[in-house]
Amino acid sequence: MPREVGTPNTSQCLAAGGFAGMAVDTVLFPLDTIKTRLQAKAGFMASGGFRGIYSGLSSAVIGSSPGAAMFFLTYEQVKAFSEPRVSAEYQPFVHMLAASAGEVAACMVRVPTEVIKQRLQAKHHSSLGAAIRGTYRSEGVLGFYRGYLTQVVREIPFTCIQFPIYEYLKHWYAQKQGRKIKSWEAAVCGSFAGGTAAAVTTPLDVVKTRVMLSTKGMGAHVEYSGIASTLTRIAREEGARALFSGIVPRTIWISVGGFIFLGSYEKVKSTLLDAGVLA
């Protein structure tokens, strides 16, 4: 079946998504580190404070490009397949489905690097090699996927909020202007959509951080496992306010990140499509 006009092919999705992922993770890494340390059970200062805010950058860089590439490859293909088959009033559900499928695929690549990155950010290990060896020795291969379900459960609500808002704003503004939306305008839409989704889903992000930072053998008072049990435990032991730890840096990070991530993706994608590169 021929692709819909304006739909990037596999190579273009991989290139544009990979560039976008690398750009946003590199530029905004310090804010991500601060957010992770604010959410850690040990507390902000005990987890490193403002020292070494680039700890874990190498792990993030390794996973950012392939993770983002997998997301957009899946998102674009599911959207292109589903949109012509669904009436206009149900298009937001298409975007939810496409974004959810994209996150499930991306998390297969993203979670191992996220586990290592957060353990380095929280000063559990001194180097990338030590983090990989320590995780493997204590938990085996499955240790690298600790928190996979938690990550997916966090990402699906996030994307189900972000991408319908993002696609709606792009469509609304393009109609208002009577022309195709520009990349920087898409970036503004992405910033608003991302910031909104980030604030709403912060409790799930806190849960994901706690689960990923805990390891087997740490003791029942430290180890976290399970989404519902971690949510209720944090609320019981630390109060509901703790579920919104790091909401300010997270919202700022993802608002700015949405601008960079979606703006650069749209720019690279449109450039490749217009020039016929990797076609």
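This is a predicted model, so every value here is computed, not measured.
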Engineer: So with a 6.0 Å cut-off around OH of Tyr168, is the heavy-atom count from everything else above 12?
Structural biologist: no
Engineer: Hey, does the side chain of Glu83 reach the backbone of Val94 with a donor-acceptor pair shorter than 3.5 angstrom?
Structural biologist: no
Engineer: Is there a side-chain contact between Gln91 and Val86 in this structure, where contact means two heavy atoms from C-beta onward sitting under 4.5 Å apart?
Structural biologist: yes
Engineer: Is Ile161 close to Met96 at the side-chain level, that is, under 4.5 Å between some pair of heavy atoms?
Structural biologist: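 A side-chain contact under 4.5 Å is absent here.
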Engineer: Would you please test Thr135 and Arg146 for side chain to side chain donor-acceptor pair (under 3.5 Å) and show each step?
Structural biologist: CA-CA 10 Å; Thr135 300; Arg146 185 176 184 87; over 6 Å; no
Engineer: Does the pair Glu185/Arg179 count as a salt bridge with the N-to-O cut at 4.0 Å?
Structural biologist: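 Salt bridge present between Glu185 and Arg179.
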Engineer: Does Met108 offer a backbone N or O that forms a donor-acceptor pair with the side chain of Tyr145 under 3.5 Å?
Structural biologist: yes
Engineer: Phe244 vs Val206, test: side chain to side chain contact (heavy atoms under 4.5 Å, CB included). Steps then yes/no.
Structural biologist: CA-CA 7 Å; Phe244 289 89; Val206 173; over 6 Å; no
Engineer: Can a donor-acceptor pair be found, under 3.5 Å and without considering hydrogens, that links the side chain of Ser127 to the backbone of Ala130?
Structural biologist: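 Indeed, once roles are kept as given, a pair shorter than 3.5 Å links the two residues.
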Engineer: Rounded to the nearest 0.5 Å, how far apart are OG of Ser55 and CG of Leu120?
Structural biologist: 7.0 Å
Engineer: List for me each residue that meets side-chain hydrogen bond (donor to acceptor under 3.5 Å, both in side chains) alongside Thr33, sequence neighbours excluded, and say none if there are none.
Structural biologist: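 Here the qualifying residues are Gln121.
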Engineer: Between Ala198 and Thr202, which heavy-atom pair has the shortest distance, and what is it?
Structural biologist: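 Smallest interatomic distance, heavy atoms only, reads O-OG1, 2.9 Å.
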Engineer: Closest approach of Ala15 and Leu278, non-hydrogen atoms and distance?
Structural biologist: CB-CD1, 3.9 Å
Engineer: Measure from the side-chain N and O atoms of Ser47 to the backbone N and O of Phe44, and report whether any donor-acceptor pair falls under 3.5 Å.
Structural biologist: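 Not at all, since once roles are kept as given, no pair shorter than 3.5 Å links the two residues.
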Engineer: Would you say Arg210's side chain and Gln39's backbone share a donor-acceptor pair under 3.5 angstrom?
Structural biologist: yes
Engineer: Measuring from Ile165:CD1 to Cys160:SG, what's the distance to the nearest 0.5 Å?
Structural biologist: 11.0 Å
Engineer: Around Lys123, counting heavy atoms of other residues, nucleotides and ligands shown, do more than 12 lie under 6.0 Å from its NZ?
Structural biologist: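 Result for NZ/Lys123: enclosed.
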Engineer: Look up atom CG in Leu14 and atom CZ in Phe72, then write down how far apart they are to the nearest 0.5 Å.
Structural biologist: 12.0 Å
Engineer: Do the non-hydrogen side-chain atoms of Thr230 and Val211 ever get within less than 4.5 Å of each other?
Structural biologist: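 In short, these two side chains touch, coming nearer than 4.5 Å.
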Engineer: With a 4.0 Å cut-off on N to O distance, would you call Arg110 and Glu103 a salt bridge?
Structural biologist: yes
Engineer: Hey, does Phe144 have a side-chain heavy atom less than 4.5 Å from the side chain of Val115?
Structural biologist: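 No. Closest side-chain heavy atoms not under 4.5 Å.
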Engineer: Determine the minimum heavy-atom distance between Ala16 and Val268, stating which atoms define it.
Structural biologist: CA-CG1, 3.6 Å
Engineer: Does Arg119 come within less than 4.0 Å of Glu114, counting only side-chain N to carboxylate O?
Structural biologist: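 So Arg119 does not pair with Glu114 through a salt bridge.
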Engineer: Please determine whether a side-chain nitrogen of the Lys or Arg among Lys208 and Glu155 lies less than 4.0 Å from a carboxylate oxygen of the Asp or Glu.
Structural biologist: no
Engineer: What are the two closest heavy atoms between Pro92 and Ala88, and how far apart are they?
Structural biologist: CD-O, 4.2 Å
Engineer: Just by modelled atom types, is the Ala122 backbone N or O under 3.5 Å from a matching donor or acceptor in the Arg37 side chain?
Structural biologist: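 Looks like no, no N/O pair under 3.5 Å.
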Engineer: Would you call the rings of Tyr75 and Phe71 parallel, tilted or perpendicular if under 30° counts as parallel and over 60° as perpendicular?
Structural biologist: parallel
Engineer: Give a yes or no on whether a salt bridge exists between Asp205 and Lys35, defined as a side-chain N under 4.0 angstrom from a carboxylate O.
Structural biologist: yes
Engineer: Does Thr251 use its side chain to pair, donor to acceptor, with the backbone of Val248 at less than 3.5 Å?
Structural biologist: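 Not a single qualifying donor-acceptor pair exists.
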Engineer: Distance to the ring centre below 6.0 angstrom and angle to the axis at most 45 degrees; does that hold for Arg85 and Phe81?
Structural biologist: yes
Engineer: What's the separation between atom OH in Tyr173 and atom NZ in Lys182, rounded to the nearest 0.5 Å?
Structural biologist: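 Tyr173 OH to Lys182 NZ: 8.0 Å, rounded to 0.5 Å.
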Engineer: Gln118 vs Thr209, test: side chain to side chain contact (heavy atoms under 4.5 Å, CB included). Steps then yes/no.
Structural biologist: CA-CA 8 Å; Gln118 291 203 322; Thr209 298; 3.6 Å; yes
Engineer: So, do Tyr166 and Leu262 sit near enough that their side-chain heavy atoms are less than 4.5 Å apart?
Structural biologist: yes
Engineer: Test of understanding: clusters of I, L, V, M, F, W, Y form through side-chain heavy atoms closer than 4.5 Å, transitively. Do Phe158 and Ile252 belong to the same one?
Structural biologist: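 Phe158 and Ile252: one cluster.
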Engineer: Do Glu266 and Lys170 meet the salt-bridge criterion of a basic N to acidic O distance under 4.0 Å?
Structural biologist: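 Between Glu266 and Lys170 there is a salt bridge, with a charged N closer than 4.0 Å to a carboxylate O.
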Engineer: Calculate, to the nearest 0.5 Å, the distance between atoms CG and NZ belonging to Asp274 and Lys269 respectively.
Structural biologist: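 It comes to 11.0 Å.
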Engineer: Take His95 and Lys79, measure what side chain to side chain contact (heavy atoms under 4.5 Å, CB included) needs, and give me the verdict at the end.
Structural biologist: CA-CA 7 Å; His95 303 143; Lys79 189 174 77 164; 3.8 Å; yes
Engineer: Ignoring hydrogens and geometry, is there a side-chain-to-backbone donor-acceptor pair from Asp32 to Trp253 under 3.5 Å?
Structural biologist: no
Engineer: Between atom SG of Cys107 and atom CD1 of Ile156, what is the distance when rounded to the nearest 0.5 Å?
Structural biologist: 8.0 Å
Engineer: What donor-acceptor contacts under 3.5 angstrom involve side-chain atoms of residues 20-30, with partners at least two apart or in another chain?
Structural biologist:
unit_1 : atom_1 : unit_2 : atom_2 : d
Thr26  : OG1    : Met22  : O      : 2.8

Engineer: When clusters are formed by joining ILVMFWY residues with side-chain heavy atoms under 4.5 Å apart, either directly or through shared neighbours, do Ile116 and Tyr136 land in the same one?
Structural biologist: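 Looking at the clustering, Tyr136 is in the same group as Ile116.
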Engineer: Which heavy-atom pair separates Thr159 from Ser100 by the least distance, and what is that distance?
Structural biologist: OG1-N, 4.1 Å
Engineer: Hey, does the side chain of Ser191 reach the backbone of Gly258 with a donor-acceptor pair shorter than 3.5 angstrom?
Structural biologist: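 No.
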Engineer: Are Leu243 and Ile254 joined in one hydrophobic group, where the rule is that I, L, V, M, F, W and Y side chains link up if heavy atoms are under 4.5 Å apart?
Structural biologist: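 Yes, one cluster joins them.
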Engineer: Could you see if Ile247 belongs to whatever hydrophobic cluster contains Ile34? Use Ile, Leu, Val, Met, Phe, Trp, Tyr and a side-chain cutoff under 4.5 Å.
Structural biologist: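 In one cluster with Ile247: Ile34, no.
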Engineer: How close do Ala98 and Val78 get, counting heavy atoms only, and between which atoms?
Structural biologist: CA-CG1, 3.6 Å
Engineer: According to a 4.5 Å side-chain heavy-atom criterion applied to Ile, Leu, Val, Met, Phe, Trp and Tyr, with indirect links allowed, do Val200 and Leu38 form part of one hydrophobic cluster?
Structural biologist: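 Not linked; separate clusters.
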